[in-house]
Novice: 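Sharing a structure with you now.
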Amino acid sequence: MTLWWQRLSARDRRVLLLGGAAVVIILYVFGVRIPAHNAVSELETQVRQERELVNWMEQARREIYALRGQGDPDADATTSRSLFSLADESARESGLGPVLQRVEPTGDNGARVNFENIAFDELIRWLARMRSEHGVIADQLTVRRGSDDGRVDVQLVLEPA
């Protein structure tokens with residue numbers, strides 16, 4: 001094969017190299033790139049259709065509950081009991097009882113919570129848990145530096161999301 005290659009003229013070698021490169025590029029484009037692009041497009045379309053179906057099903061579920069007179073199906077503990085008691089109980093379950101100073105009701109279904117000398121990381125974890133598990137957010141938040149590094153004094157108002 002090498003002997004055959006060496007016998008070719010420089011022009012023929014260039015033509016074969018360029019032709020080989022063109023064949024490789026064409027095989028890549030039509031054999032790999034375009035099918036992969038088409039598969040991604042099909043999957044994106046399928047995901048969009050599935051999301052639309054989920055949204056429609058969620059809306060239908062809410063309508064069914066409303067027609068049955070059962071109220072909001074997404075209601076959790078914050079509607080069946082006060083946010084005031086939920087905040088107190090959740091903070092104590094999370095081990096924040098020693099730094100919890102006061103929990104008092106505010107407005108219709110809100111709660112004002114005061115922590116003194118709480119570790120900032122623990123506060124953020126507790127707030128994330130309140131959001132994910134109970135659908136509660138911090139509507140107002142006042143933070144002051146605590147007595148030690150990484151610790152803060154906090155006053156916040158919790159509201160249903």
Side-chain angles (χ1 to χ4, degrees), residues 1-68 70-79 83 86-87 89-100 113 115 117-161:
M1 187 73 143
T2 57
L3 182 63
W4 172 79
W5 181 259
Q6 290 173 355
R7 286 185 187 166
L8 292 174
S9 66
R11 185 179 135 243
D12 289 343
R13 285 187 212 152
R14 250 191 328 258
V15 169
L16 283 174
L17 284 173
L18 290 174
V23 167
V24 168
I25 291 171
I26 290 170
L27 287 175
Y28 169 75
V29 168
F30 289 103
V32 176
R33 183 73 176 141
I34 290 176
H37 179 73
N38 290 341
V40 168
S41 296
E42 288 176 14
L43 288 174
E44 287 173 345
T45 301
Q46 185 179 359
V47 166
R48 186 175 56 252
Q49 290 171 346
E50 295 295 329
R51 284 186 178 149
E52 289 171 1
L53 178 61
V54 166
N55 289 337
W56 176 83
M57 292 172 72
E58 183 66 28
Q59 183 180 359
R61 181 178 68 93
R62 290 178 193 271
E63 288 177 16
I64 290 169
Y65 275 88
L67 290 172
R68 287 183 180 170
Q70 294 178 347
D72 184 10
D74 292 329
D76 62 5
T78 59
T79 58
L83 187 55
L86 175 68
E89 181 180 316
S90 174
R92 293 185 193 288
E93 285 176 359
S94 296
L96 303 177
V99 294
L100 179 65
V113 183
F115 292 102
N117 207 29
I118 183 173
F120 185 76
D121 293 343
E122 290 177 5
L123 172 70
I124 297 302
R125 277 193 290 275
W126 179 71
L127 287 172
R129 181 175 167 219
M130 291 294 286
R131 170 69 183 208
S132 66
E133 293 181 9
H134 305 290
V136 174
I137 59 171
D139 184 49
Q140 298 174 12
L141 179 68
T142 304
V143 180
R144 288 176 300 283
R145 178 181 290 170
S147 58
D148 298 324
D149 286 342
R151 300 191 81 73
V152 293
D153 295 335
V154 177
Q155 181 180 41
L156 55 96
V157 176
L158 298 175
E159 297 286 335

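All values below come from the heavy atoms of this structure, side chains included, with hydrogens, waters and symmetry mates left out. Treat the numbers as computed from the prediction; the structure is a model and nothing was measured. Numbers here simply count residues along the sequence, with the first being 1.
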Novice: Quick one: side-chain contact (heavy atoms from CB on, under 4.5 Å) partners of Ala91, sequence neighbours excluded?
Specialist: Leu96, Leu100, Phe115, Trp126
Novice: Could you check if a side-chain atom of Val40 sits within less than 4.5 angstrom of a side-chain atom of Glu44, using non-hydrogen atoms only?
Specialist: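 In contact.
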Novice: Determine the minimum heavy-atom distance between Ala87 and Met130, stating which atoms define it.
Specialist: CA-CE, 4.1 Å
Novice: Locate the shortest heavy-atom distance separating Arg129 from Ser90; write the atom from each residue and the value.
Specialist: NH1-O, 3.8 Å
Novice: To the nearest 0.5 Å, what is the distance between CG on Leu86 and CG on Leu158?
Specialist: 8.5 Å
Novice: With sequence neighbours left out, what residues match Thr45 under side-chain contact (heavy atoms from CB on, under 4.5 Å)?
Specialist: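 Per chain and number, Thr45 pairs via side-chain contact (heavy atoms from CB on, under 4.5 Å) with Arg48, Gln49.
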Novice: Please say whether more than 12 non-hydrogen atoms of neighbouring residues, nucleotides or ligands are located less than 6.0 Å from CG in Asn55.
Specialist: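 Yes.
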Novice: How far does CG of Asp153 sit from CG of Leu123, to the nearest 0.5 angstrom?
Specialist: 11.0 Å
Novice: On a heavy-atom basis, which atom in Val99 and which in Asn117 lie closest, and how many Å separate them?
Specialist: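 The pair with the smallest heavy-atom distance is CG1-O, 3.6 Å.
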Novice: Can you name the nearest heavy-atom pair linking Arg151 to Ala119, along with the distance?
Specialist: NH1-CB, 3.3 Å
Novice: Hey, is Arg61 close enough to Glu58 for a salt bridge, meaning N to O under 4.0 Å?
Specialist: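 Counted as a salt bridge, because a side-chain N and a carboxylate O are separated by less than 4.0 Å.
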Novice: For Gln46, check side-chain contact (heavy atoms from CB on, under 4.5 Å) against everything at least two apart and list the hits.
Specialist: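 Leu43, Glu50.
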Novice: Just to verify, what does Asp121 make a side-chain contact (heavy atoms from CB on, under 4.5 Å) with, not counting sequence neighbours?
Specialist: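 Expected list: Arg125.
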Novice: Name the atoms and distances for all side-chain donor-acceptor pairs under 3.5 Å in residues 4-13, with sequence neighbours left out.
Specialist:
from, atom 1, to, atom 2, distance (Å)
Ser9, OG, Asp12, N, 3.3
Ser9, OG, Asp12, OD2, 3.3
Arg13, NE, Trp5, O, 3.1
Arg13, NE, Leu8, O, 3.4
Arg13, NH2, Gln6, O, 2.9
Arg13, NH2, Leu8, O, 3.2

Novice: Rounded to the nearest 0.5 Å, what's the gap from CZ on Arg144 to CD on Gln155? Could you check?
Specialist: 6.5 Å
Novice: Using a 3.5 Å cut-off and no angle test, enumerate the donor-acceptor pairs between side-chain atoms of residues 21-38 and protein atoms at least two apart in sequence or in another chain.
Specialist:
from, atom 1, to, atom 2, distance (Å)
Asn38, ND2, Ile34, O, 3.4

